[in-house]
Number of protein chains: 2
Amino acid sequence: MPTTGRRERKKAATRQKIADTALRLFLERGYDAVGIRDVAAEADVAVTTLFSHFASKEALVFEQDDTFEQRLTQAVTDRAPDEPLIPALRREVHALVRHCTAEGSAPLYRMIDGSPALREYEESMRLRHAESLAAALAADPGLPQSTTACRTIARFVIDAYALAREAADPDAAVDEIFQMIEAAWEATHPAQGA
Amino acid sequence: MPTTGRRERKKAATRQKIADTALRLFLERGYDAVGIRDVAAEADVAVTTLFSHFASKEALVFEQDDTFEQRLTQAVTDRAPDEPLIPALRREVHALVRHCTAEGSAPLYRMIDGSPALREYEESMRLRHAESLAAALAADPGLPQSTTACRTIARFVIDAYALAREAADPDAAVDEIFQMIEAAWEATHPAQGA
DNA sequence: TTGTTAAATCCTAACCGTTAGGGTTACGGT
DNA sequence: ACCGTAACCCTAACGGTTAGGATTTAACAA
């Protein structure tokens with residue numbers, strides 16, 4: 001029942017073809033040098049079809065980055081019952097940062113960093129992710145923190161990801177920033193473990 | 001010698017007239033309902049002139065918000081020689097939040113919150129402010145923290161501003177978040193005051 | 001004064017992302 | 001077999017933004 005139907009398959013194929021074509025062209029010629037009409041023509045679809053699959057030109061680049069959102073929230077909800085929050089988040093951010101500083105991803109992220117529009121779009125996207133994370137934190141019954149505290153920690157975690165990606169030593173930066181986040185988080189407890 | 005010359009005066013006047021006209025029209029009819037060509041016509045300038053003064057439509061709304069940047073950095077550089085960093089920043093953020101949650105600013109910020117484009121623009125602008133603040137922190141000889149720590153604290157401070165503005169009780173939110181920031185900051189010291 | 005330079009402004013026309021309007025095809029369920 | 005509708009198409013436009021190049025005018029020196 002999830003994927004029965006030729007219709008959904010064709011739709012998914014169209015979407016994928018658009019995304020693949022776009023990414024290829026962007027990397028070949030540069031993001032700014034490729035127009036929406038170019039992508040649509042090369043993928044052999046109408047411009048309106050392209051925009052029925054993707055909300056904007058920038059969204060073509062971050063095609064499957066709602067997995068980012070899911071991974072963060074799942075790091076909170078799916079952690080072992082006794083595992084403390086912050087280390088779980090740190091582990092996930094480590095993995096996310098490694099994933100996007102890996103070999104194959106380098107050209108993609110160089111392109112992103114080279115385009116103000118893409119940087120701006122990504123930041124705004126991360127903020128939405130932070131809101132999701134904040135909601136996941138607020139929903140955890142083991143965490144009696146205020147909504148403000150949850151939203152704050154969520155943003156701090158997003159900050160850690162963004163800053164670590166730009167740092168000279170991303171791994172070390174994650175650890176350094178998470179020490180700060182840990183301290184911030186503990187400051188919201190009335191000292192629970194003591 | 002700062003303001004000699006009729007030329008600079010006329011230029012400043014043109015800029016001001018554009019900004020005033022834009023803000024008036026935006027508040028009267030709504031941001032989306034007013035086009036660039038409307039603003040230019042009402043201000044009696046060419047569209048190209050408008051864009052020689054403002055880089056984008058959104059920039060018309062945040063006309064003089066580099067004072068924001070200056071106030072943050074000056075809170076660091078101009079503080080009393082013995083005043084600790086975080087309380088100085090908290091005081092300034094308190095003032096900034098109060099300023100934009102004041103009576104007269106309400107319609108403006110309702111308009112901003114109502115437009116995704118303006119929200120996105122503001123966030124991106126605040127990130128630039130965070131970079132300035134990070135530079136100011138890194139330049140303070142009394143603060144031997146790493147660049148990563150400086151950039152982190154800078155972003156946390158911007159987060160505090162953004163979150164507090166949206167909170168039900170902005171003043172209390174500033175205090176709550178700054179307790180977390182203080183803890184994060186202390187975590188970067190090898191315990192200096194003990 | 002007068003002439004020269006460069007800054008500020010102007011006009012027109014276009015570019016590009018995005019959307020509206022409205023039509024065609026073909027899948028899915030009855 | 002038939003209908004509803006999802007996915008797709010085309011054309012034309014809208015709105016922010018920019019290029020190209022002309023025109024005015026403050027600033028300043030001869």
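Treat the numbers as computed from the prediction; the structure is a model and nothing was measured. Reckoned from all heavy atoms, side chains included, excluding hydrogens, waters and symmetry mates. Order of the sequence lines sets the chain letters (A, B, ...), proteins ahead of strands, with each chain counted from 1.
Note that CZ of B:R155 and CD of B:E131 are 7.5 Å apart. Values are rounded to the nearest 0.5 Å. Residue B:Q70 holds its CD atom at 10.5 Å from OG1 of B:T77, rounded to the nearest 0.5 Å. Note that CG of B:D65 and NE2 of B:H129 are 6.0 Å apart. Values are rounded to the nearest 0.5 Å. Rounding to the nearest 0.5 Å places CG of A:D159 at 12.5 Å from CZ of A:R126.
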Intermediate values then yes/no, side-chain contact (heavy atoms from CB on, under 4.5 Å), B:R15 and B:E63:
CA-CA 10 Å; B:R15 182 194 162 89; B:E63 186 227 343; 3.9 Å; yes

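B:D38 comes within 4.0 angstrom of no nucleic acid atom, judged by non-hydrogen atoms across all strands.
Summarising the geometry, the separation between CZ on B:R6 and P on D:dC28 is reported as 12 Å, rounded to the nearest angstrom.
A:R79 places a side-chain N or O within donor-acceptor distance of the main-chain N or O of A:V76, the cut-off being under 3.5 Å.
Under 4.0 angstrom from either OP1 or OP2 of D:dA26 there lies at least one side-chain N or O belonging to B:K10. Of the side-chain N and O atoms in A:H53, none sit less than 4.0 angstrom from OP1 or OP2 of D:dA7.
The two residues A:A164 and A:I177 come nearest to each other via the heavy atoms N-CD1, 4.5 Å. When all heavy atoms are compared, the tightest approach of A:F51 to A:S56 is CE2-CA, 4.0 Å.
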When every nucleotide of nucleotides 12-20 of chain D is labelled 5' to 3' by its protein contacts under 4.0 Å (heavy atoms), B for base, S for sugar-phosphate only, - for none, what sequence of letters results?
-B-SBBBB-

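Here the range on DNA chain C touched by chain A, meaning any atom under 4.0 Å from one of its heavy atoms, is C:dC16 to C:dG28.
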